[in-house]
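Below is one structure, written out as C-alpha cells, with a few remarks after it.
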Amino acid sequence: MSKFLEELNKRILVMDGAMGTQLMDRGVRPEDCFDAQNLKNPRLVESVHKAYIDAGADIVETNTFGANRIKLVDYKFDNKAAEINIAAAKIARKAAGSNNFVLGSIGPLGKMLDPLGKITFDQAYEVFAEQARALAEGGVDAIIIETISDLQEMRAAVIAAKNNTRLPVIASLTYDDGEKTIYGTPPEAAVVVFEALGVDVISANCSTGPEGMLKVCRKLLAVSSKPIMVMPNAGMPELIGNKAVYKMTPEKFGKFAIQFAKLGVRIVGGCCGTGPEHIKAVRLTLTPNLSSRGRGVARSGGVRGDFASRTRVVEVEEGKVLLVGERINPTGRNLLKAEILAGKTQIIRREADEQTKAGASLLDVNISIADISEAAAMRAAVNVVQSTSNLPLSIDSPSLAGVESGLKNFCGRALLNSVNGKNESLEKVIPLAKKYGAAVIGLALDERGIPATVEERVRIAERIVRTAEAAGIAREDVYIDNLVMTVGVGIHGALDILKAISMIKERLGAKTILGISNVSHGMPNRSKLNALYLQLAITYGLDAAIVDPTDKEIQKVIKGSLRLVKAKKAEVREGLIKKFRAEVDKARRSGKPAEKKGEAALQEIRLTGYPDIRIAVTDGDVDLVEVLVKQALEKKYPPQKIIDQGLVPGMAVVGKKFNRKEYFLPQVIESAEAMSKGFELCKARIPKEKTRSAGKVLLATVKGDIHDIGKNIVKMLLENHGFEIIDLGKDVDPEEIVSVAKKAKPDVIALSALLTTTMVEMGIVNDELKKAKLDIPLLVGGAVVTKGYADRIGASYSLDAVGAAMLAKKIMKSVKK
Ligand code: THG
C-alpha cells in the first residue's frame with residue numbers, strides 16, 4: 001500500500017485550501033494562466049503551498065487544476081502541458097517536504113463530452129492520461145480529479161489515471177446543491193462506479209459550504225467502503241459588486257471539521273473562498289481529535305456488486321432475481337435490423353422505454369449484425385438507451401471492439417456480456433471488464449464447445465472465476481451462464497443446467513445467469529415455456545435472468561419469485577419439472593410452427609401510436625420529431641403552427657422539469673436537439689417574408705461558462721419570433737461583447753450563464769457596456785440567475801427561454817415608443 005494510503009488509515013489528514021485566490025493575492029491577474037505560473041513564477045506558487053503547510057496542512061495540491069492540453073489551448077500553452085505538470089509536482093514536493101503529501105490536481109477539460117459535446121471519450125482519456133503521467137513523473141503521492149460534474153468525464157479521467165500511473169486515485173465530484181451533480185448523478189451512484197473502477201478515495205468538493213457537504217458525506221459514507229474526503233467552499237457565495245464572495249469565517253469553517261471527523265470523513269480541506277486561515281482552523285479543531293472514532297480505510301459493508309447508471313443505483317439483492325431486458329437484439333427481427341443498418345434508433349428507444357417501464361433491472365444491448373461496425377453501432381445504441389432509460393446496461397457483443405465501445409460510452413457500472421472459457425477470450429475480455437469496472441458474464445464453454453456434463457461446466461466456470469479474481473474482479477461480480485439450449489431437441493440439457501447452477505453457487509461463490517428465452521427457441525407457446533423454466537431456475541438459485549420483461553407470464557413469475565426462493569425446494573421443483581415436461585411435450589405434439597410474435601406489425605403500431613410532437617420534444621427523441629414533423633408538413637400543417645403548438649410547448653415542459661430538478665443537463669440537451677431538428681424542417685418551409693426584422697439581438701454565454709444549451713434554445717425561439725441574431729457562442733470575453741456591440745448596434749444584448757461562479761460575469765459585462773457608453777437593454781437568464789440578481793445589475797430577467805423571447809419583444813416595443 002502507498003505511504004499516503006497507509007497514513008490515511010492511521011489518522012485524519014488535513015488538506016489545503018484554494019489556490020487561485022492565493023495566487024491573485026500575490027499579484028497574478030485573473031486573466032493570466034494560473035497553471036503557467038509553475039514555469040514562470042515557481043517561487044510564488046511555492047509560497048502558497050508553504051502558507052498551507054505552515055497553517056497545518058498534511059497535504060497540498062499541485063497548481064495544475066487547468067493544466068490539461070485542452071484548457072491550455074486558450075493560453076497557447078497546450079504544447080507545454082507535460083512540462084507544466086512536472087514542474088508543478090516538483091514545486092509542491094519541495095514545499096511539502098517528505099513528511100507531508102502532494103496530490104496531483106486534475107480539473108475538468110472545460111468542454112463537454114460526447115454525446116452532449118464534441119470531445120470523445122478517447123480524446124478525454126488521452127488528455128487526462130498525459131496530465132496524470134506528467135504529475136506522476138514530477139513525484140506526486142496520488143492523483144486527485146476534482147470539481148467535475150459530469151460522471152462520464154470523471155470516468156475517463158479515473159480510467160486514464162489508473163491505467164497510466166500506479167498512484168492512488170481520488171475522485172472528487174461537485175454536487176450542485178448537496179444532492180446531485182448538474183448532470184443528475186447522486187452520491188450513491190458515483191460510489192458504485194468509483195469502487196468498481198478501483199478509486200482509492202472518494203471525495204466531494206466545491207459548490208456548497210460545509211453544511212451542504214455534511215449531507216453529501218453522510219450519503220457517501222453510508223454506501224462506500226473507501227475513505228471519504230471533503231473540500232467545501234467557505235459557505236455559499238454572496239454577490240458583492242461583481243464578485244462572488246465566500247464569507248464564512250475560518251472559525252466557523254473550522255468548527256465543521258469536527259462534524260466531518262465524527263461522521264467518519266478521513267480528509268478535510270477547503271475549496272473556493274478558503275485560505276490558510278481556514279485550514280489553520282481545521283487543524284486546530286482536528287488536532288485533539290485525530291484518532292476520533294472515524295472509520296478507517298478498510299471498512300466492512302460497502303459495495304455489494306451493485307450496478308449503476310448516471311442517475312441511479314440498481315442494487316443486487318439476496319433472493320431477488322436481476323431482470324436483464326433482452327429486447328434490444330436484432331436476432332430474428334428484420335425491422336430492428338433494418339433500423340440499425342440505417343443508423344436510426346426509433347425501435348431501440350421504444351424497447352428501452354417499454355422494458356424500463358415493465359420493471360427491468362438492467363437492459364441488454366445487442367446490435368450484432370453481419371458486416372456493420374460493431375463499435376459505431378454500439379456507441380449509437382448505448383447513447384440512445386441511456387438517453388431514454390435510467391437503467392444500467394448489459395453490453396452484449398461478440399466483438400471486442402463492440403464490447404469496449406459499449407463499456408466506454410455507457411456512463412455507469414455495466415454488466416459485460418460476455419467472456420467465455422477460451423484462452424483468447426479470457427485474456428482479452430477480462431482486462432476490459434477490469435479497466436471499465438464492469439461485472440462480467442462468463443459463458444461456460446471453451447475451446448471444446450459447450451460441455452456435456454455438469455462437472456465440466458463447473459470446471460470451466462471455476463477457470464473463469466479464477467482468472468477474474470486474479471485480475472481483481474470479485475467472484476460475486478462474475479455471473480456464470482450455462483447457456484441453455486432449446487428444449488426442441490430434448491429436455492435433458494435444460495435440466496442438467498439447473499443442477500450446474502446450484503453447484504456453481506455452492507462451490508465457487510459466483511453468481512449465475514441464463515438467457516431464459518433460448519429454452520423455447522423454435523417452439524410454439526414460448527411465453528409459457530420460458531416462464532416455467534425461469535421458475536425452475538429460481539428454485540435452483542438463479543441470480544439473474546435475461547428475459548423479455550414485458551412478457552406477462554414472466555412478470556407473474558417475478559411477482560411470485562420470493563415465495564419460490566423460500567419454498568421447500570424439493571417438492572416445488574418436482575411439481576415444476578412435471579409441468580415443464582408436460583408443456584414441452586404438448587408443444588412438440590401440437591405440430592404448430594415456431595412462434596412469431598408478429599414483431600413487425602407490433603413495431604409499426606408502436607411507432608405511429610405516438611403522434612404528439614410535444615411529447616417527442618420533451619422526450620428528446622430527435623428521430624421521432626423528424627418523422628412527426630415531416631408527416632405534419634406533408635399533411636399541409638402550417639409550419640409556424642407546428643413550431644408554436646408542438647415544438648415550443650414541448651420545450652417549455654423541459655424548462656419546467658429542469659427547474660424542478662426532474663430533468664438534468666443531458667435531458668435538456670437532447671430535447672434541444674430534438675426541437676432544433678423540428679425547427680430546421682419547419683423554417684425551411686416558412687417563406688422568407690419581406691417584413692422588417694423584429695429586432696437585432698446579440699447573444700452570448702458569459703466568460704468561463706461552457707454551457708451554451710440555454711442560449712441556443714433562446715436563439716431558436718428568438719429566430720422564430722423574427723429576430724435577427726448575432727451569436728457570439730459560449731465562454732465569451734466581456735471585451736468581445738462590447739466591441740461587437742459597438743459595431744453591430746444590437747437592440748438587445750442577451751446573456752446566459754449556468755453556474756454561480758460564472759453568473760457574476762454578467763455584472764462585469766454590464767459595467768463594461770456602461771464604460772463604453774453603450775446604452776443597450778440587457779437581458780439575462782440561466783439556471784442560477786435570479787430576478788434579484790438581474791435587478792441589481794439593472795438587467796431584465798426571464799426564468800426560461802420561452803419567457804426570454806416574450807421579454808425581447810416587450811423590450812423592442814418600449815424601445816420603439
Ligand atoms: N446468454 C447471454 N447473452 C445472451 C443470451 C444468452 N444474449 C442474447 C440471448 N441469449 C438472449 N436474448 C434474446 C433475445 C431475443 C430472443 C431470445 C433471446 C428471441 N427473439 C425472437 C427470435 O429470435 O425469434 C425474435 C423477437 C421476438 O419475436 O420477440 O427469442 O443465452 N449471456
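Nothing here was measured: the structure is a model prediction, and the numbers come from that model.
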Trace of the side-chain hydrogen bond (donor to acceptor under 3.5 Å, both in side chains) decision for Arg349 with Gln346: CA-CA 5 Å; Arg349 186 182 287 276; Gln346 279 294 278; over 6 Å; no

Inter-residue atom distance Ser394.OG - Leu415.CG, 0.5 Å rounding: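 Answer for the OG-CG pair, Ser394 versus Leu415, is 4.5 Å.
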
Closer than 4.0 angstrom, basic N to acidic O: yes or no for [X] and [Y]?
X      : Y      : answer
Lys422 : Glu424 : no
Arg526 : Asp548 : no
Asp543 : Lys505 : yes
Lys357 : Asp353 : yes
Arg310 : Asp150 : yes
Glu462 : Arg457 : no

Any heavy-atom pair between the side chains of [Y] and [X] that's under 4.5 Å?
X      : Y      : result
Glu583 : Met523 : no
Leu483 : Met485 : yes
Ile513 : Val324 : yes
Leu322 : Phe307 : yes
Leu220 : Phe194 : no
Lys162 : Ile159 : no
Glu195 : Ile202 : yes
Lys579 : Val584 : no

Only pairs at least two apart or in different chains count here, so list each salt bridge (Lys or Arg N to Asp or Glu O under 4.0 Å) that has a residue in [range].
range            : value
residues 396-405 : Glu404-Lys435
residues 376-392 : Asp114-Arg379
residues 477-486 : Arg413-Asp477

Audit row: Asn366, Arg327, side-chain hydrogen bond (donor to acceptor under 3.5 Å, both in side chains) steps and yes/no: CA-CA 9 Å; Asn366 181 316; Arg327 298 187 55 92; over 6 Å; no

Kindly say whether [Y] contributes a backbone atom to a donor-acceptor pair with the side chain of [X] at under 3.5 angstrom?
X      : Y      : result
Lys511 : Glu476 : yes
Ser425 : Gly421 : no
Ser671 : Thr618 : yes
Glu506 : Met503 : no
Thr512 : Ile501 : no

Where do [X] and [Y] come nearest, in terms of heavy atoms and distance?
X      : Y      : value
Pro392 : Phe410 : CA-CZ, 3.5 Å
Asp306 : Val314 : CB-O, 3.6 Å
Pro186 : Tyr175 : C-CE2, 4.0 Å
Gly264 : Leu221 : O-CD2, 3.8 Å
Ala308 : Ala189 : CB-O, 4.0 Å
Ser590 : Ala587 : OG-O, 2.8 Å

Salt bridge (Lys or Arg N to Asp or Glu O under 4.0 Å) partners of Glu455, counting only residues at least two apart: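 With neighbours one apart ignored, the set is Arg507.
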
Test salt bridge (Lys or Arg N to Asp or Glu O under 4.0 Å) applied to Asp364 - qualifying residues, sequence neighbours left out: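 Checked Asp364 against salt bridge (Lys or Arg N to Asp or Glu O under 4.0 Å); zero matches.
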
Distance-only check: which donor-acceptor pairs under 3.5 Å involve side-chain atoms of residues 554-563, not counting sequence neighbours?
| unit_1 | atom_1 | unit_2 | atom_2 | d |
| --- | --- | --- | --- | --- |
| Gln555 | NE2 | Pro549 | O | 2.8 |
| Ser561 | OG | Ile558 | O | 3.0 |

For [X], side chain to side chain donor-acceptor pair (under 3.5 Å) partners two or more places apart:
X      : value
Glu188 : none
Ser397 : Glu374
Lys215 : Glu179
Thr356 : Ser389

Ring pair (Phe, Tyr, Trp, His ring centres under 6.0 Å): pairs with one or both residues in residues 560-583, sequence neighbours excluded: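 Every ring pair (Phe, Tyr, Trp, His ring centres under 6.0 Å) pair that includes a residue of residues 560-583, provided the two are not neighbours, is Tyr533-Phe580.
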
Verify the neighbour count for atom [atom1] of [X]: are there more than 12 heavy atoms of other residues, nucleotides or ligands below 6.0 Å?
X      : atom1 : value
Glu447 : CD    : yes
Lys337 : NZ    : yes
Arg459 : CZ    : yes

Expected list for residues 486-497: side-chain donor-acceptor pairs under 3.5 angstrom, two or more places apart:
| unit_1 | atom_1 | unit_2 | atom_2 | d |
| --- | --- | --- | --- | --- |
| Thr486 | OG1 | Gly488 | N | 2.9 |
| Thr486 | OG1 | His521 | O | 2.8 |

Any donor-acceptor N or O pair under 3.5 Å, side chains Ser309, Asn390: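 No - no donor-acceptor pair under 3.5 Å links their side chains.
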
Stepwise side-chain hydrogen bond (donor to acceptor under 3.5 Å, both in side chains) check, Gln355 with Thr550: CA-CA 6 Å; Gln355 292 184 103; Thr550 66; over 6 Å; no

